[in-house]
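Data first, discussion second: the structure below is written as structure tokens.
Numbers restart at 1 for each chain; the letters A, B, ... are given by sequence-line order, proteins then strands.
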There are 2 protein chains.
Amino acid sequence: MKKYCLFIILALFSAICVSGCTGNGESLPEDTYGDAPPAVETVEAGNDVLYQVSTLDALLQSVYDGVVSFEELETHGDFGIGTFDGLEGEMLALDGDYYQIKTDGIAYPVSGEMTTPFATVTSFEADENFRLGEPVNLTEFEEYLDSNLPSENLFYAVRVDGNFSYLKARSVPRQEKPYPRLVDAVSTQAVFEFENVSGTLVGFRTPEYVKGVNVPGYHLHFITTDRGAGGHVLDFELEEGDAAVDITRAFFMELPKSGDFYEVELGQDLQAEVETVEK
Amino acid sequence: MKKYCLFIILALFSAICVSGCTGNGESLPEDTYGDAPPAVETVEAGNDVLYQVSTLDALLQSVYDGVVSFEELETHGDFGIGTFDGLEGEMLALDGDYYQIKTDGIAYPVSGEMTTPFATVTSFEADENFRLGEPVNLTEFEEYLDSNLPSENLFYAVRVDGNFSYLKARSVPRQEKPYPRLVDAVSTQAVFEFENVSGTLVGFRTPEYVKGVNVPGYHLHFITTDRGAGGHVLDFELEEGDAAVDITRAFFMELPKSGDFYEVELGQDLQAEVETVEK
């Protein structure tokens, strides 16, 4: 059975290679930065804006109806993460292409008339680059980046192209009304474990003071190099890769017009639920 | 292991079917995502944006250096409140004119090269109007407005033109480095009491979930009808007046480039200090 599996995998893999249609698959850049990370002294933050639909608090409290179309969302950025109407899967945008990763783990293209209840996107322009020459896990990666960022009080878009010996991701199934709370919805999540996979982490680091508005700290999604599979990142072991950070000093939040958002009791301390949902 | 195999097969298969041969495959047949986007209740919120410089948390923690010029600030709105470099007085913008109310209680014009460490402005367009025909104090006014606003979860610009039998306002003197915390700086505030004065309240109501970012609830400044005097509002008795509310669903926050902002420890619970500072 195992051999048979391997055969199908190889056959399909070679079909991709032979067809020559590897989509956006990009090879990793050369070792431009060597092993030592550059010290961050000058901050070239540019004029980047992190654009967000709705608030995390609202999502935690079941406000899942899509309120902004992807046709509109993509005018605000080519890079980002989020979810879909009815909480149907994980959203990832990279190099201007938007993907919907459903509970089968597969990354589907997103059409303009689809809508999102919660998303954060930006026009990604790297301000700082870091060569990750040594293996790091998720926690070590976050600590490394934190120690190299100019301040904990700004927003950062984070991209890592790398090879992972292990990566654990999830996706959440479409929810039906009456919507459960997010903490209950994620209990039905599908979890995917990748081994020896190459791909891209896409996400943000947001400051502690936006708690209630977004996820404080890192929030990362993943997509394979062939842009075929991925999910919301739960854990990883990175072998090596290249990280790029877009320092973002402007935050634009657009709130829903929907009745659900209007009526929910926001501003509560839901930090415990955030941790359950993100891990 | 068997599941993992199956997943890889599915992922690779989809890579061929979906991304492989259609290039970036942006649109899918309509029936693929059959569910129509949910109906969204229309609210007459306009396209207003509340533009903010820095965060309240930073101001509470002595980040008083001006970081945005008034020449730039006024491109983001004709209406708003804030403070000045070194915390020198109360800022009020009304009908496109910007004023600096110093500790003598007098409203001075603001020049473009002056700067602000914290301000919130918008282009004011009334969405709702309320006739205030009966006397109300500050608390009653807030309760009245709250009961007539569509949601506690949006931002509102609030303007009241009225006659006040009593109004208590304050202004804060310029601070010298090393800057004290805001809670200490306001202990040196100058307080003005007006009787039988006509004028305009200018300010915002922000939602509970932006605590740390702005002042949750109402934050109002005042200027007399002759635009000669005013301050940060501490209390009032309104005889009668007209309130106008600009419902604002978009929030744009621009963070400072300065070292002070970069280094301060934000994200702490400073609600007690906010209450001391505002009252």
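Heavy atoms closer than 4.5 Å to chain B are found in both the backbone and the side chain of A/Val264. At a 4.5 Å heavy-atom cutoff, A/Pro216 makes no contact with chain B through either its backbone or its side chain.
Note: A/Lys211 NZ to B/Lys211 NZ = 8.0 Å, rounded to the nearest 0.5 Å. Distance CG/A/Leu255 to CG/B/Leu50: 10.5 Å, rounded to 0.5 Å. Atom NZ of B/Lys257 is separated from atom OG of A/Ser151 by 14.5 Å, given to the nearest 0.5 angstrom. Between atom CE of residue A/Met253 and atom OH of residue B/Tyr209 there is a gap of 4.5 Å, rounded to the nearest 0.5 Å.
Counting non-hydrogen atoms of neighbouring residues, nucleotides and ligands closer than 6.0 angstrom, the CD atom of A/Gln268 exceeds 12 such neighbours. Around atom CD of A/Glu74, more than 12 heavy atoms belonging to other residues, nucleotides or ligands sit under 6.0 Å away. When the shell of 6.0 Å around CD of A/Glu72 is examined, it contains more than 12 heavy atoms from other residues, nucleotides or ligands.
For the side-chain contact (heavy atoms from CB on, under 4.5 Å) test, residues two or more places apart in sequence or in another chain that qualify with B/Thr139 are B/Asn137, B/Glu143.
For a heavy-atom cut-off of 4.5 Å, chain A lies close to B/Thr55, B/Asp57 in residues 55-63 of chain B.
When side chains are defined from C-beta on, B/Val213 does not count as touching A/Phe251, because their heavy atoms never get closer than 4.5 Å. A heavy-atom distance below 4.5 Å is not found between the side chains of A/Glu254 and B/Phe252. When side chains are defined from C-beta on, A/Asn153 does not count as touching B/Tyr262, because their heavy atoms never get closer than 4.5 Å.
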